[in-house]
Structure formats: C-alpha cells, structure tokens
Amino acid sequence: MDVYVALVTAIWSMLPAYVPNNAAVLAGGGRPIDGGRRLGGRRLLGDGKTWRGTAAGWLAGIALALALNRLETQAADLLAVSLPTFPPAVILALPLGAMVGDIGASFLKRRTGRARGAPFPGIDQLDFVVGALALAALADFAWFTDVFTLPVLAVVLLVTPILHIATNAIAYALGLKDEPW
Ligand code: CTP
Ligand code: MG
C-alpha cells in the first residue's frame, strides 16, 4: 500500500474520532461526569469532563460519519482512493471510543496527581485514538481489520499527534481552550 493511500485512508477513517474532542471543547461546561466525587482525595475525573461536552462530542462524530458515508463516492473519485463507509455500529463506536479514551486519560491524570489541564505527554495525543480503535474493533471486527491494516494503523499513530497538537494550538490561539495541548 503506498503512503498516499494509507494517509488518505487513515485520515478519512479517523475523522469521526478526531472531531468529538474539538466539539467537546466548544460545547463543554455544566455538570461534571464525576459529580464532584473523589477517589483517594483527588477528583475521580475533574471538571474538564462534562456530560454536555461528552454528548456533544459523540453526536458531532456520529453526524460527521453519516456525512462521510454520503460523500464517499465523490471523495473516492476526487482523491483517487477507494474509501470505506462506516457501518452503523462503527458510526456509534468511533466517536464514543474517542470520548471514553479521553475520559480514561483524565482518570489516569487524576490518579497520578495531575491537575485539570496539566499536560500528560503521549497520553493526551493518543488516548482518544486507542479508545476509538478499541471500540471500533469491538463493534465490527471484520470492518476494523479491513480498514485498519498495519500501514494505515502506522499512519494513524504518526499523524494523529501532529493533527492533535496543531488543532489544540489553533483552539488555544482562538481563545477556545485554556492550554495549548
Ligand atoms: N470537555 C468536556 N467534556 C469532555 C471532554 C472535554 O466538557 N468529555 C471540555 C471541557 O470544557 C474541557 C475542555 O473540553 O475543559 C478541554 O478538554 P480536555 O483538554 O480534554 O480537558 P482538560 O480541561 O484539559 O482536563 P483534563 O486534565 O482532565 O484532560
Ligand atoms: Mg487538556
């Protein structure tokens, strides 16, 4: 598989997992998921993980996957790459997995004494990828192995941190996010 095909396939297939975090930043606020509860003196998740942000992120990812399904034929023509469409279980799983991965990372951050918003290099960039891929594999393993071949997975792991750092820097510059990570 050439690099171009792997790159296009990776970005297309992960878009429903990339958008939820950004939608959560825009929509976040309100009641925290952990309801203020603590574990060992520290917040379970913290105020940065809210019901509204999580729901908005999940819905945004679902909406994007539905839109990509409709655009698949034209996009495949335009990019000269055969692109996957997203089956229903995957439409739900990719963005939910992204949100769950991010929430899991906050759980780990709080357990390791990191305050809300503190950076956790590596984890911050890949938590949602691991969550999204894991839930997508659970939702439809045949689709998952078909789309996420080794070269595509390699591109996802390389390109996602770059995209994540870039979009967060932009969100910070626009005043949408409190920290640039
Ligand atoms: N957000 C949310 N719900 C989520 C994820 C994010 O409401 N499930 C919103 C919050 O307003 C959060 C912002 O998006 O502050 C930025 O997300 P993130 O960087 O993941 O959270 P942090 O505030 O940095 O908190 P943490 O240290 O727990 O990652
Ligand atoms: Mg953060």
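Fair warning: this is a prediction, and the values are worked out from it, not measured in the lab. Counting convention: from 1, in listed order, for ligands and their atoms alike.
- Comparing heavy-atom distances from atom 21 (O) of ligand 1 across Arg116, Arg114, Lys49, Arg43 singles out Lys49 as nearest.
- For atom 10 (C) of ligand 1, the closest heavy atom belonging to the protein is Gly48 O, 3.2 Å.
- A side-chain N or O of Arg114 and one of Thr112 form a donor-acceptor pair less than 3.5 Å apart.
- Heavy-atom neighbours of Leu174 CG from other residues, nucleotides or ligands within 6.0 Å: above the threshold of 12.
- Aromatic ring centres of His164 and Phe128 lie closer together than 6.0 Å.
- Judged by a 6.0 Å distance limit and a 45° cone about the ring axis, Arg111 is positioned over the six-membered ring of Phe107.
- In summary, the atoms of ligand 1 found under 4.0 Å from a heavy atom of Lys177, numbered by their order in the structure, are 19 (O).
- Where the criterion is an N or O separation shorter than 3.5 Å, residue side chain and backbone included, Ala118 fails it with respect to ligand 1.
- The residues Lys109 and Asp124 are annotated as salt-bridged, a charged nitrogen and a carboxylate oxygen being separated by less than 4.0 angstrom.
- Counting atoms of ligand 1 from 1 in the listed order, those under 4.0 Å from a heavy atom of Arg110 are 26 (P), 27 (O), 28 (O).
- Taking atom 9 (C) of ligand 1 as the reference point, the nearest protein heavy-atom neighbour is Ala24 O, 3.4 Å.
- Looking at Asp124 next to ligand 1, no N or O pair under 3.5 Å apart turns up.
- Checked by distance only, ligand 1 and Ser106 come closer than 3.5 Å through their nitrogen or oxygen atoms.
- Look at Gly117 and you'll find a heavy atom under 4.0 Å from some atom of ligand 1.
- Residue contacts with ligand 1 for Asp102 involve side-chain atoms from C-beta outward but no N, CA, C or O (heavy atoms, distance under 4.0 Å).
- Under the side-chain contact (heavy atoms from CB on, under 4.5 Å) criterion, Leu133 pairs with Met14, Val129, Phe144, Phe148, Leu153, sequence neighbours left out.
- With respect to the salt-bridge test (charged N to carboxylate O, under 4.0 angstrom), the residues Arg43 and Asp47 qualify.
- Residue Arg52 places every heavy atom at 4.0 Å or more from ligand 1.
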